[in-house]
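Proteins come first, then strands; the chains are lettered A, B, ... in the order of their sequence lines, and each starts at number 1. Worth saying up front: this structure is predicted, and the values here are computed from it rather than measured. Side-chain atoms are counted along with the backbone in the values below, which use heavy atoms only and exclude waters and symmetry mates.
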Amino acid sequence: MAVHLPETLRARIHHLLAEAYPNEGGGFLLGRVEDGGVAVLDIRPVQNVFAKEEQHHRYAMTPADWARLEDEADARGLGLVGYFHSHPDSPAVPSEYDRVHALPNFVYIIASVVAARAAETRAWRLAETRERFDEQPLVVI
Amino acid sequence: MASIKLPTPLRPYAGNSAEIEVQGATVGEALASLVGQHPDLRAHLFDGEDLRSFVNVFVGEEDIRFLQDLDTPIQAGSRLRIIPAIAGGRPI
């Protein structure tokens, strides 16, 4: 399932995640699932609320953030289609921690950030069996 | 009758509905009613008989973990909401 991401939004994601470096940063992807693909139409950065000393390798957001942004997406006729986060100084590949906490039908965009610059950016979805992530084509438009 | 609002990623397992009406006098009974109507939700909400660790259930604004968990009583008209705990991180 291809993930279509406008170049402007990719640039914003890279900027936000570079700013969060050396900690992890992240946020939600708002958009639509259509014709077998996912169109990302907006992003919303969300504060990392994991314990400060763990933020270099952990990311979490509050249920209140989820509720607020899901309500916004619903009101706009969009959906929460995924979330993005960074892996500072580490590959853009989901970790076991990511898999255990992952949702189905949700796009995970992970960017590797090295020396405060976003490098590799890849898109993933959890398999229905929850056993693994499958990489999705990330189409920057 | 109470209702449960589903998180966006789980709506495909409930006919793409955002909110489902449920029966029950407790949160546990309401979730059983939900899964009874939409069995494909079970694997993503429960690990055995327990809620998955990243599944938060709210009654109104209150997290059931700070109430009586699955035994939290609800009334007709109660509005429940399932909110996933979003977390991630690179390999340690």
Is the number of heavy atoms from other residues, nucleotides or ligands under 6.0 Å of B:Glu49 CD greater than 12?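 It does not: B:Glu49 CD has 12 such atoms or fewer within range.
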Contacting region of A:Asp71 [heavy-atom separation from chain B under 4.5 Å]: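 Both backbone and side chain.
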Evaluate the side-chain contact (heavy atoms from CB on, under 4.5 Å) criterion for residues B:Asn56 and A:Trp66: first the C-alpha distance (whole Å), next the side-chain angles of each, then the deciding distance (0.1 Å), finally the verdict. CA-CA 11 Å; B:Asn56 300 306; A:Trp66 176 287; over 6 Å; no
Among A:Gly79, A:Ala67, A:Gly26, A:Ala92, who wins on heavy-atom pairs under 4.5 Å with chain B?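 When all of A:Gly79, A:Ala67, A:Gly26, A:Ala92 are compared, A:Ala67 has the most.
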Could you check whether atom CD of B:Glu61 has more than 12 heavy atoms from other residues, nucleotides or ligands sitting under 6.0 Å from it?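 No.
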Just so I understand: if I count every heavy-atom pair under 4.5 Å between each of A:Glu96, A:Glu54, A:Gln55, A:Glu128 and chain B, which residue has the most?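 Most heavy-atom pairs within the cutoff with chain B belong to A:Glu128.
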Sort out for me which residue in A:Leu78, A:Val81, A:Leu103, A:Leu80 forms a side chain to side chain contact (heavy atoms under 4.5 Å, CB included) with B:Thr8.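 So, applying the side chain to side chain contact (heavy atoms under 4.5 Å, CB included) to B:Thr8 and each of A:Leu78, A:Val81, A:Leu103, A:Leu80, only A:Leu80 qualifies.
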Is there a chain of hydrophobic side chains (I, L, V, M, F, W, Y, each step under 4.5 Å between heavy atoms) that links B:Leu70 to B:Val57?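 Same hydrophobic cluster.
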To the nearest 0.5 Å, how far apart are CG in A:Leu69 and CD1 in B:Ile86?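 Those atoms lie 11.0 Å apart.
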Inspect the surroundings of CZ in B:Arg79 and state if more than 12 heavy atoms from other residues, nucleotides or ligands are less than 6.0 Å away.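 For B:Arg79, atom CZ is not crowded (no more than 12 foreign heavy atoms under 6.0 Å).
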Counting C-beta onward and ignoring hydrogens, is there a side-chain heavy-atom pair between A:Val100 and B:Phe54 closer than 4.5 Å?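 No - every pair of side-chain heavy atoms lies 4.5 Å or more apart.
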Taking A:His56, A:Met61, A:Glu70 one by one, which has the highest count of heavy-atom pairs under 4.5 Å against chain B?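 Counting heavy-atom pairs under 4.5 Å, the top option is A:Glu70.
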According to a hydrophobic-cluster definition based on side-chain heavy atoms being under 4.5 Å apart (Ile, Leu, Val, Met, Phe, Trp, Tyr only), do A:Val107 and A:Trp124 belong together?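 Per the 4.5 Å side-chain linkage, A:Val107 and A:Trp124 are not co-clustered.
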Exceeds 12 heavy-atom contacts within 6.0 angstrom, atom CD of A:Gln47: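 No.
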Are A:Leu126 and A:Leu138 in one and the same hydrophobic cluster, where Ile, Leu, Val, Met, Phe, Trp and Tyr link if side-chain heavy atoms are under 4.5 Å apart?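 No: no chain of side-chain contacts under 4.5 Å links A:Leu126 to A:Leu138.
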Contacting region of A:Ala64 [heavy-atom separation from chain B under 4.5 Å]: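 A:Ala64 has no heavy atom closer than 4.5 Å to chain B.
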Heavy-atom contact with chain B under 4.5 Å, split by part of A:Arg130: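 When you check distances to chain B, only side chain atoms of A:Arg130 fall under 4.5 Å.
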Taking the side chain as every heavy atom from C-beta outward, state whether A:Asn105 and B:Tyr13 have any pair of such atoms under 4.5 Å apart.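 A side-chain contact under 4.5 Å exists here.
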For A:Arg76, is the CZ atom crowded, meaning more than 12 foreign heavy atoms sit under 6.0 Å from it?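 Result for CZ/A:Arg76: enclosed.
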Would you say A:Met1 and A:Val3 are hydrophobically clustered, going by side-chain heavy atoms of ILVMFWY under 4.5 Å?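 Same cluster: A:Met1 reaches A:Val3 through Ile, Leu, Val, Met, Phe, Trp or Tyr contacts under 4.5 Å.
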Between B:Pro84 and chain A, which part of the residue has a heavy atom less than 4.5 Å away: side chain, backbone, both or neither?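 Both parts, heavy atoms under 4.5 Å.
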For A:Asp74, is it the side chain, the backbone, both or neither that has a heavy atom under 4.5 Å from a heavy atom of chain B?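 The answer is the side chain of A:Asp74.
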Quick check for you: among B:Pro7, B:Pro9, B:Ala43, B:Ala85, which has the greatest number of heavy-atom pairs under 4.5 Å with chain A?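 Answer, by heavy-atom pair count under 4.5 Å with chain A: B:Pro9.
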Side-chain contact test, heavy atoms from C-beta onward, threshold under 4.5 Å: evaluate it for A:Pro104 versus B:Leu10 and give yes or no.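 Yes. Closest side-chain heavy atoms under 4.5 Å.
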Hydrophobic clusters here meaning ILVMFWY residues chained together by side-chain heavy-atom distances under 4.5 Å, can you tell me if A:Tyr83 and A:Tyr21 are in one?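 Different hydrophobic clusters.
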